[in-house]
There are 2 protein chains.
Amino acid sequence: MNELANPPESVIEDEQPKTLAEAAYRQLRRDIIEGLHRPGDKLRVEHLKDQYEVGAGTLREALQLLVTDALVVAQGQRGFRVAPISLDDFEDITRTRVLLETSALQQSIELGDDAWEASVVAAFHLLSRAEDKLGDGGKCSREEWEQRNRAFHEVLIAACPSRWIRHFQNILYHQSERYRRLSLFRQPIPRDVHAEHQAIVDAALARNTAEATRILTDHIMRTLEAVKRLPEELISR
Amino acid sequence: MNELANPPESVIEDEQPKTLAEAAYRQLRRDIIEGLHRPGDKLRVEHLKDQYEVGAGTLREALQLLVTDALVVAQGQRGFRVAPISLDDFEDITRTRVLLETSALQQSIELGDDAWEASVVAAFHLLSRAEDKLGDGGKCSREEWEQRNRAFHEVLIAACPSRWIRHFQNILYHQSERYRRLSLFRQPIPRDVHAEHQAIVDAALARNTAEATRILTDHIMRTLEAVKRLPEELISR
DNA sequence: ATAGACAAAAATCTCGAGAAAAAGTATTGA
DNA sequence: TCAATACTTTTTCTCGAGATTTTTGTCTAT
C-alpha cells in the first residue's frame, strides 16, 4: 500500500537518466566540472538549449538541479552563472570535507562488517590498477581514475549510517573535483597518492581509528596545499 | 567589468521573492514545514498549480527548489513527494547538526569580535521577549518564536567563516524544524529552553569553548529525546 | 477467487511562443 | 568630453497545449 520502501537515496549517479532534464543535468555537470563552462560564466538558457538539444524549460530545470549541487548559482531575475571559485572557497570546502569525512570514517570503521572490508579492498584494487595503467601510458583515462578515486572515498565511508553526512560529503566531493582538475592539469600525479591510499586502507582494516583519520586528514589537506601552489590566474574568477 | 562582487550567499530568506517561482517555493516550504502537506504525500503539479496560482512549469521549478532543501524528493518519472520523516532520520539530522554546529560555534567563539558579541546578546534578548509574551497568553505567535529561535542559533555561529558549514547547518535546521513542530504541538515548551540558551550565551561570551559546545550539544540532543517520547503514529510515514 | 492482460484515465514531462525584465546602444544636451 | 535619457536588443520568466509514461480499472481465463 505504502510504496516508500526504496526512497531514491539522493540524486546521485545510480541508474541512467530517466528524464531529459536529468540527462542535460548530468552532461552540464560534467562540462562544468571539466571546466568547459568556466567559473563565473553566464549560462544563457537560449544558447544552451540548442547546445544540449532540449527545450528552454527543460534546460532551466537542469540548471536548477545544479543549484542543488552548488555548482551553479541563480540570481533573482538575472539568470544563472557557474559558481565562482576561489582559494578561500576551496580551503573552506577542504576543511569542511575533513570534518565530515573523518567523522564518517570513524563510524565506518566502528560499524563496518566483513562485506565493508571486502568492498574497501576491492575499490582500492581498482584504483591501483587505474594508477598503473595511467602511468603506463594512457591505457586508462584520467576520467576513469577520477571515477575510481571517487568510488574509493565513497566506499571508505559507506558503513557510516548517517545519510546526511554522506549526502553533504558527496556535494563537497564534487565541488573539490573542480579544483583538483586544475591541480592535476599541471602536475600529473605529483604526490605519492597511492601510498597514502594504501596507508588509509591498512589503518581502516586494522580498525585503527585514530591513525586512519589522521592519514585521511593529511591526504585531503595535501590537495589543498597543491592547489595553493598553483599560479593565481588559474583560480582567478 | 566583472560584477561578481556580491554573489548571492545562498537561497536563504533575505529579501522578498523576485520571481513567481520563488514566491511559490516559500509558500510551499512553509506549508510543508507546518505540516499542511504531510510527509510522504504526493505533490501533484496539476492540483497544486491552481492552489498556488501559478503555471505548471513555474510550480515545477518551485518543487525543484524544495528538492535542494531536501524537503521534497523527486522520483524519476513519477513526480514529487514530500520527503518522508522517521525517527532514524531525525536522529541522523540531530547528530549531524551537533557535529556541524559545535564546530561552527568553536570557530565563532574563537574569531567573533565585539559586534558578534553584541548581535548574540541582541538575538538572545529578542528570543527571551518572545518567550515572555508566549507564556503571557498568546501575545506572540509560535511563528514568531520559531523565527527568533532560528535567528539566535544563526547569529551564534555567524562568526564562523565557513560558508559551507553554515549552509549545511541551515538545511538541517529547516529539516529539524519539521520535527520540532510535532514536539511543540504536544508539550508547549516543556523544558527550560530559556535557561539553556542563557547558559550558551554566558559560555560563549566568556569564550569558554568547551563549556559552550557541551551545553549546545545537550541543548540540541534534548530535542531529539523529546521527539523520541512522542507517540509513534505522529512520526509514522 | 486469483492472476494476467488489455484498455482507459491521470499525471508527468516537454516544447515553443508571448510577456516582463535587464542589458546594451545611440542620441541629445550641457 | 561627459552624463543622462530614450530606444533597441537580448535574455529571462511565465503560460498553456501536446506527447509519453505511469497508474487505475475492467475483463477474461485458469
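Reminder, nothing fancy here: chain letters follow the sequence lines and each chain counts from 1. Model, not experiment: these values are computed from the prediction.
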Rounded to the Å, how far apart are Q75(A) CD and dC13(D) C1'? 15 Å

In terms of side-chain geometry, is the basic nitrogen of R29(A) or E177(A) positioned less than 4.0 Å from the acidic oxygen of its partner? no

Would you indicate which nucleotide in dT12(C), dC13(D), dT12(D) comes nearest to any side-chain atom of R44(B)? dT12(C)

With respect to the phosphate group of dT12(D), does any side-chain polar atom (N or O) of T19(B) fall under 4.0 Å of OP1 or OP2? no

Would you mind checking if E146(A) and R150(A) are paired as a salt bridge, meaning a charged N to carboxylate O distance below 4.0 Å? no

Rounded distance (Å) that lies between atom C1' of dA22(C) and atom CZ of R81(A): 13 Å

Can you see if the side chain of H47(A) gets near the phosphate of dT11(D) - specifically, an N or O under 4.0 Å from OP1 or OP2? yes

Between A56(B) and Q77(A), who's closer to the 5' end of DNA chain C by nearest nucleotide? A56(B)

Between dA11(C) (P) and D50(B) (CG): distance, integer Å: 11 Å

Any chance CG of D113(A) has more than 12 other-residue heavy atoms, nucleotides or ligands included, within less than 6.0 Å? yes

With sugar-phosphate meaning primed atoms plus P, OP1 and OP2, does L43(B) contact a base, only sugar-phosphate, or nothing at under 4.0 Å between heavy atoms? sugar-phosphate

Nearest-nucleotide check on DNA chain D, V45(A) vs G57(B); residue mapping nearer the 5' end is V45(A)

T58(B) side-chain proximity, nearest of dT14(D), dT14(C), dT12(D): dT14(D)

In whole Å, what is the span from the CG atom of L20(A) to the P atom of dT12(C)? 17 Å

What integer distance in Å separates K42(A):NZ from dA23(C):P? 8 Å

Any side-chain N or O of R60(B) less than 4.0 Å from the OP1 or OP2 oxygen of dT12(C)? no

Any salt bridge between E225(A) and R229(A), counting N to O under 4.0 Å? no

Looking at R78(A), does any N or O in its side chain come under 4.0 Å of the phosphate oxygens OP1/OP2 on dT12(D)? no

Identify whether the distance between the nearest side-chain nitrogen and carboxylate oxygen of K228(B) and E91(B) falls below 4.0 Å. yes

Without decimals, in angstroms, what is the distance between L59(B) CG and dC13(C) C1'? 14 Å

Rounded distance (Å) that lies between atom P of dT12(C) and atom CD of E22(A): 17 Å

Using heavy atoms to find the nearest nucleotide of DNA chain D for E61(B) and E46(B) separately, return the residue whose nucleotide is more 5′. E61(B)

dT10(D) P sits how many Å from L48(A) CG, rounded? 18 Å

Would you mind telling me which of dT14(D), dT14(C), dT11(D) lies closest to the side-chain atoms of A21(A)? dT14(C)

